[in-house]
Amino acid sequence: MLNLCDPRTIKQVMDMFGLNFKKEFGQNFLTDLMTVEDIADACSPDDSDITVLEIGPGIGCMTRCLCERYREVVALEIDTGLIPVLKYTLDGYKNVTVINEDVMKADLSEILAPYFAKGKVAVCANLPYYITTPILMKLIESQLPFESITVMVQTEVAQRLCAGAGGKNCGAITAAIDYYGDAELLFTVPAERFMPPPKVTSSVAKITLWKDKPQKPISEEMFFRTVKAAFEQRRKTLPNSLMTGFSEISKERLTEIIIECGHKPDIRGEKLTVADLVHLSDKLYAEINGGQV
């Protein structure tokens, strides 16, 4: 069987199909089988009876590991050139479906409906660094009942995903992830374990999605409006940051609302927990809509 983590084999397969690595698709293939297996294991360590949605299968090394562990695999690959490669490298695996589609344009609800009908679905992805946040937000905002999302991303991004409130890495994506689930930093993958090696270190993080969100704002739209405003200008105090997103409320009133929420007026957005942000967004909702919270 082909060792798809071996650099020589990777080159041979790419040459066989006349392909080159494409920077625009973030193609950096793992060359360490143990790392691949660790990521595959992390998707669902206690339950093999699931479907895994893999985003960016590349030449199929991770895909094989997932097929060997789980009931079914649905692999979304944006690069048309890799589709015949995957047909070749995944020959013999009967529990995989490869779809040539951009995850950002794909109708995930339609694609995954038959698999959700059979049982649980988890996500596994080696995300291109330039589009990590949009893909993650599409997945979690889809409202599809994924069990978890296991991703390999730039270490700096992984640290933001898993940062606690008040930390230097905390940002809007941190609050969004905390709202939808519990993020855990699993391990780091050095650049030399990829072909070609990226210029940054990568890390694997896992987001276990809440079955029932512990924090429930009056309005999700207002909650995310609050999150965006709170983090948009990180160096400013919270009243000044909120002014950019809530121009219909005076700075004086914004300051009063922040104090009513139990915070000092010079607090910054990154110090707020998701519970704090939900409370604040409910207050802002009431202020704008003339109600009480």
Problem set entry | side chain to side chain contact (heavy atoms under 4.5 Å, CB included) assessment of Thr97 paired with Tyr115 | CA-CA 11 Å; Thr97 301; Tyr115 302 96; 3.5 Å; yes
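- The shortest non-hydrogen separation linking Asn169 to Arg160 is O-CG, 3.1 Å.
- Residues in residues 172-183 take part in these side-chain hydrogen bond (donor to acceptor under 3.5 Å, both in side chains) pairs, two or more places apart or across chains: Tyr179-Glu220.
- Residues Leu272 and Leu238 form a side-chain contact, since some pair of their non-hydrogen atoms from C-beta on lies under 4.5 Å apart.
- Evaluation of the ring-ring contact (aromatic ring centres under 6.0 Å, His included) test over residues 142-169, restricted to residues two or more places apart or in two chains, returns Phe116-Phe146.
- Side-chain contact between Leu242 and Ile249 is absent, with no heavy atoms from C-beta onward closer than 4.5 Å.
- The shortest non-hydrogen separation linking Leu90 to Gly60 is CD2-O, 4.0 Å.
- Residues in residues 184-204 take part in no ring-ring contact (aromatic ring centres under 6.0 Å, His included) pair, two or more places apart or across chains.
- Closest approach of Ala183 and Ile177 over heavy atoms only: CB-CG2, 3.7 Å.
- Listed by chain and number, the residues in a side-chain contact (heavy atoms from CB on, under 4.5 Å) with Pro84 are Phe17 (sequence neighbours excluded).
- Take Asp107 and apply the side-chain contact (heavy atoms from CB on, under 4.5 Å) test, not counting sequence neighbours, and it matches Ser109, Glu110.
- Side chains of Val278 and Phe223 form a contact here, defined as non-hydrogen atoms less than 4.5 Å apart.
- Side chain of Thr9 to main chain of Cys5: no donor-acceptor pair is present (N/O by atom type, distance under 3.5 Å, no hydrogens or angles).
- Listed by first and then second residue, the ring-ring contact (aromatic ring centres under 6.0 Å, His included) pairs that reach into residues 252-276 come to none, sequence neighbours excluded.
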Problem set entry | Verdict with reasoning, Ile39 to Thr150, per side chain to side chain contact (heavy atoms under 4.5 Å, CB included) | CA-CA 8 Å; Ile39 296 170; Thr150 303; 4.3 Å; yes
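- Counting heavy atoms from C-beta on, the side chains of Val121 and Val52 never come closer than 4.5 Å.
- Sorted by first and then second residue, the ring-ring contact (aromatic ring centres under 6.0 Å, His included) pairs with a member in residues 195-222 form an empty list; sequence neighbours excluded.
- Using a 4.5 Å heavy-atom threshold, the side chains of Asp276 and Thr273 count as touching.
- Side-chain atoms of Thr155 and Ser203 include a donor-acceptor pair closer than 3.5 Å.
- Pro134 pairs by the side-chain contact (heavy atoms from CB on, under 4.5 Å) definition with Met104, Ile131, not counting sequence neighbours.
- In this model, a donor atom of one side chain and an acceptor atom of the other lie less than 3.5 Å apart for Tyr129 and Ser202.
- In this structure a side-chain-to-backbone donor-acceptor pair under 3.5 Å is missing from Lys206 to Leu185.
- The residues Glu72 and Lys94 are annotated as not salt-bridged, no charged nitrogen and carboxylate oxygen being separated by less than 4.0 angstrom.
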Problem set entry | Chi angles and distances behind the side chain to side chain contact (heavy atoms under 4.5 Å, CB included) call for Cys61, Phe29 | CA-CA 9 Å; Cys61 184; Phe29 299 153; over 6 Å; no
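- Screening residues 73-90 for side-chain hydrogen bond (donor to acceptor under 3.5 Å, both in side chains), with sequence neighbours left out, gives Lys22-Asp79, Gln27-Asp79, Thr80-Asn100.
- The side-chain heavy atoms of Ile59 and Ile10, taken from C-beta on, include a pair separated by under 4.5 Å.
- Counting only heavy atoms from C-beta outward, the side chains of Arg225 and Tyr285 never approach each other to under 4.5 Å.
- Residues Asn28 and Pro197 approach most closely at ND2-C, 4.3 Å, considering heavy atoms.
- Checking Thr31 against Arg193 by side-chain atom types alone, no donor-acceptor pair falls below 3.5 Å.
- Using modelled atom types and a 3.5 Å distance limit, the side chains of Thr35 and Asp38 yield no donor-acceptor pair.
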For this session: Please test Cys162 against Glu184 for side chain to side chain contact (heavy atoms under 4.5 Å, CB included), starting from the C-alpha separation and ending with a verdict.
Result: CA-CA 6 Å; Cys162 304; Glu184 177 186 6; 5.5 Å; no
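- A 6.0 Å sphere centred on CD of Glu221 holds no more than 12 heavy atoms belonging to other residues, nucleotides or ligands.
- Checked for salt-bridge contact, Arg64 and Glu37 miss the test: no charged N lies under 4.0 Å from a carboxylate O.
- Here the side chains of Met243 and Leu254 are in contact, with some heavy-atom distance below 4.5 Å.
- Between Asp6 and Arg8, at least one side-chain nitrogen of the basic residue sits less than 4.0 Å from a carboxylate oxygen of the acidic one, meeting the salt-bridge criterion.
- Applying the salt bridge (charged side-chain N to carboxylate O under 4.0 Å, His left out) rule to pairs touching residues 40-58 yields Asp41-Arg69, Asp47-Lys120, Asp49-Arg71, sequence neighbours excluded.
- Distance alone, capped at 3.5 Å, is enough to place a donor-acceptor pair between the Ser148 side chain and the Cys43 backbone.
- When the side-chain contact (heavy atoms from CB on, under 4.5 Å) test is applied to Glu232, the partners found at least two apart in sequence or on another chain are Lys228, Thr244.
- Checking side-chain atoms of Asn95 against main-chain N and O of Cys67 turns up a donor-acceptor pair under 3.5 Å.
- Through direct or relayed side-chain contacts under 4.5 Å between Ile, Leu, Val, Met, Phe, Trp and Tyr, Met34 connects to no other residue.
- Nearest approach of Ala176 to Ile140, heavy atoms of both residues: O-CD1, 4.2 Å.
- Contact record, Ser241 with Gln233: OG-O, 3.1 Å, taken as the closest heavy-atom pair.
- In this structure, the separation between CD1 on Ile111 and CG on Leu53 is 8.0 Å, given to the nearest 0.5 Å.
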